2 protein chains.
Amino acid sequence: MPTSRRKSAPARAPVKSGSPAVTTALQRSPWRASRERLRDRQIKREAVIRAAAHAFNHKGYHNTSLDDIAAALEVSKPTVYYYVTNKEQLLFECFVAGIEPIRTAFRKARKLKANGRERLKAVLGHYGQAVASEFGWCMVRAEDQDLSPSMSAHIKSLKSEIDQGIRRLLREGMQDGSIHPCDPKMTAFALAGALNWIAHWYRENQSMTGAEIAAAFIAVFENGLSPRALAEAGRRSGGAPTA
Amino acid sequence: MPTSRRKSAPARAPVKSGSPAVTTALQRSPWRASRERLRDRQIKREAVIRAAAHAFNHKGYHNTSLDDIAAALEVSKPTVYYYVTNKEQLLFECFVAGIEPIRTAFRKARKLKANGRERLKAVLGHYGQAVASEFGWCMVRAEDQDLSPSMSAHIKSLKSEIDQGIRRLLREGMQDGSIHPCDPKMTAFALAGALNWIAHWYRENQSMTGAEIAAAFIAVFENGLSPRALAEAGRRSGGAPTA
DNA sequence: CCTGTATCATACTCGCCGGTAGCCATCCTA
DNA sequence: TAGGATGGCTACCGGCGAGTATGATACAGG
């Protein structure tokens, strides 16, 4: 009976995590071949997403057809559809792949033993690198209007998580005296905006690496435009300034 | 002979300039009626562009059809095409309308009698307001990929003009001692990026006006994250800090 | 009243592109 | 070696949307 066979496609796994615990145990199982095929499938799936990110980077989401992506992979369009359900999901996966390193940066910063400003700097450094990565464009430019309500909500919540994380670090830094008093909301917007915008002017084969750009930006944020006394400008670790 | 009649459409005038010197003289010309029609045409044309900007704001460029814009104006699609040649030009005009106030801000700042930081602040204030304006989204999001090479080049040059203007003000401020030493290129990117990003989260009917947002951002840039000595934080006009 | 021009609508063309139907090859498993 | 699962292809559909052909109306000038 020729009913739909395509339903049997295995559910998606998180795009970027490198096969967490599945391949470690049961090395000589009789299903080894099947497991290897599954792993192959993940590799191919990631290649599809990577190709999509690359195409979106260069031509934009709407100017990229799935035929383009298929051609870049030297396969046909239905093959792409074998790995993802639709174009929208491609954008979504690229977004997630881009934002994931930022989330882990927050987790790592949390267990860092330093003042708020240093922790914030650590996060912003990873943030900048993520924006300059191959998924940066997709992460930054994924728009509500191009996504279904459910995915849009998902993305919104992830973005909000990042935003709240920055605000929290700002507040903590202000409490421990390592950050100049400011409005956390506006400051977080300014910081994230400056870093997000990297995706607009940064394309591969640039002279600076993502890390270098992030470092340069952080220096700007840290010092501000107004001139500082020399002693203060050279200071590294912050305590309460005068109080 | 039914050849193309549409060629007779009058050439476009700069979108936003308010009928510069045409209506001042020759008030009783016999072509008064014809001149009035021309003025009407300009008004309608601007309405079309404004409607396009509004639609692009809400749904994005690619998700907006010219039927949408026509419907918003309660006219039909050919009417829209009577005032603009194609969709691309609509985006371009929106971009120009958005960026023009920034250019005038630079011109005004140039004849301002103040140090570099103050002049930069004045420009950034107008910059922020422009980004938060009805054309802000179009100005910020107009992408090369959606435009023909010639228009893309035009937009690129306008953007570059703004960028170079910011860098120049930074250098001037560093020379007169009102701005902390920094890399002008990276700092300009950071400033412009933060302000550009306003277009992503700012939608009308927000609690803050564009001017308020710009002021808040400028305060962030000016102070920086590192804490400042109280005397320094309160300082207003800058001279050389300690040298 | 006649003619040209400005303005706008109805009703189309047409290409692109997201997504699918159906078929074929291969390979693992029993 | 049969038979199912897996992975891939060619060929198509359907709709959306940019842009247009054609003609109707309004009005100005002679």
Side-chain angles (χ1 to χ4, degrees), chain A residues 1-11 29-45 47-48 52 55-56 59-71 73-92 145-148, chain B residues 1-11 29-45 47-48 52 55-56 59-91 145-148:
Chain A
M1 59 187 86
T3 44
S4 167
R5 216 189 58 223
R6 205 51 54 84
K7 65 161 174 56
S8 62
S29 152
W31 286 278
R32 192 180 54 105
S34 129
R35 278 191 293 103
E36 277 176 1
R37 270 213 312 273
L38 208 63
R39 206 193 39 142
D40 277 7
R41 184 186 172 81
Q42 275 307 313
I43 290 172
K44 291 184 184 175
R45 192 184 140 89
V48 169
F56 295 161
K59 307 173 55 177
Y61 178 69
H62 288 281
N63 297 319
T64 300
S65 72
L66 283 179
D67 280 309
D68 292 336
I69 297 171
L73 293 164
E74 292 179 311
V75 296
S76 66
K77 188 165 54 171
T79 302
V80 173
Y81 275 96
Y82 184 72
Y83 293 97
V84 295
T85 69
N86 51 28
K87 191 181 180 183
E88 178 191 355
Q89 198 193 24
L90 269 179
L91 181 58
F92 179 77
Q145 310 127 355
D146 302 330
L147 295 167
S148 67
Chain B
M1 59 186 84
T3 45
S4 167
R5 216 188 58 224
R6 202 54 54 81
K7 65 161 173 56
S8 62
S29 153
W31 286 278
R32 195 181 50 105
S34 129
R35 277 191 294 103
E36 277 177 1
R37 269 213 312 275
L38 207 64
R39 205 194 38 143
D40 277 7
R41 185 187 171 79
Q42 275 308 314
I43 290 173
K44 290 184 184 175
R45 193 186 140 87
V48 168
F56 294 161
K59 306 173 57 177
Y61 178 70
H62 289 280
N63 296 319
T64 299
S65 72
L66 283 179
D67 280 310
D68 291 338
I69 297 171
L73 293 164
E74 291 178 314
V75 296
S76 67
K77 188 164 54 169
T79 302
V80 174
Y81 274 96
Y82 184 73
Y83 292 98
V84 294
T85 69
N86 51 27
K87 190 181 180 183
E88 178 191 353
Q89 198 192 25
L90 270 178
L91 181 59
Q145 310 126 356
D146 302 331
L147 295 167
S148 68

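Below, all heavy atoms of this structure are taken into account, side chains as well, without hydrogens, waters or symmetry copies. What you see is a predicted model, and the numbers here were worked out from it, not measured in a lab. Quick note on labels: first sequence line is chain A, next is B, and so on, each numbered from 1.
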Atom pair distance, as rounded to whole Å: NE2 in His62(B) and P in dG17(D): 13 Å
Between P of dT7(C) and CD1 of Ile43(B), the distance in whole Å: 12 Å
Donor-acceptor pair (no angle test) under 3.5 Å: Lys77(B) side chain, dA18(D) base: yes
Plane angle bin for His62(A) and His62(B) - parallel if under 30°, tilted between 30 and 60°, otherwise perpendicular: parallel
Axial cation check for Tyr81(A) ring with Lys87(A), 6.0 Å and 45° limits: no
Select one nucleotide: of [options], the one nearest the side-chain heavy atoms of [X].
X        : options                   : value
Lys87(A) : dA9(C), dG19(C), dT7(C)   : dG19(C)
Asn86(B) : dG19(D), dC8(C), dG7(D)   : dG19(D)
Pro78(B) : dA21(C), dT7(C), dT10(C)  : dT10(C)
Ser76(B) : dT10(C), dG19(D), dT20(C) : dT10(C)
Tyr82(A) : dT6(D), dG19(D), dC9(D)   : dT6(D)

Sugar-phosphate, base or nothing in reach of Thr85(A), heavy atoms under 4.0 Å: nothing
Sugar-phosphate, base or nothing in reach of Ser65(B), heavy atoms under 4.0 Å: sugar-phosphate
dC8(C) OP1/OP2 closer than 4.0 Å to side-chain N/O of Tyr81(B): no
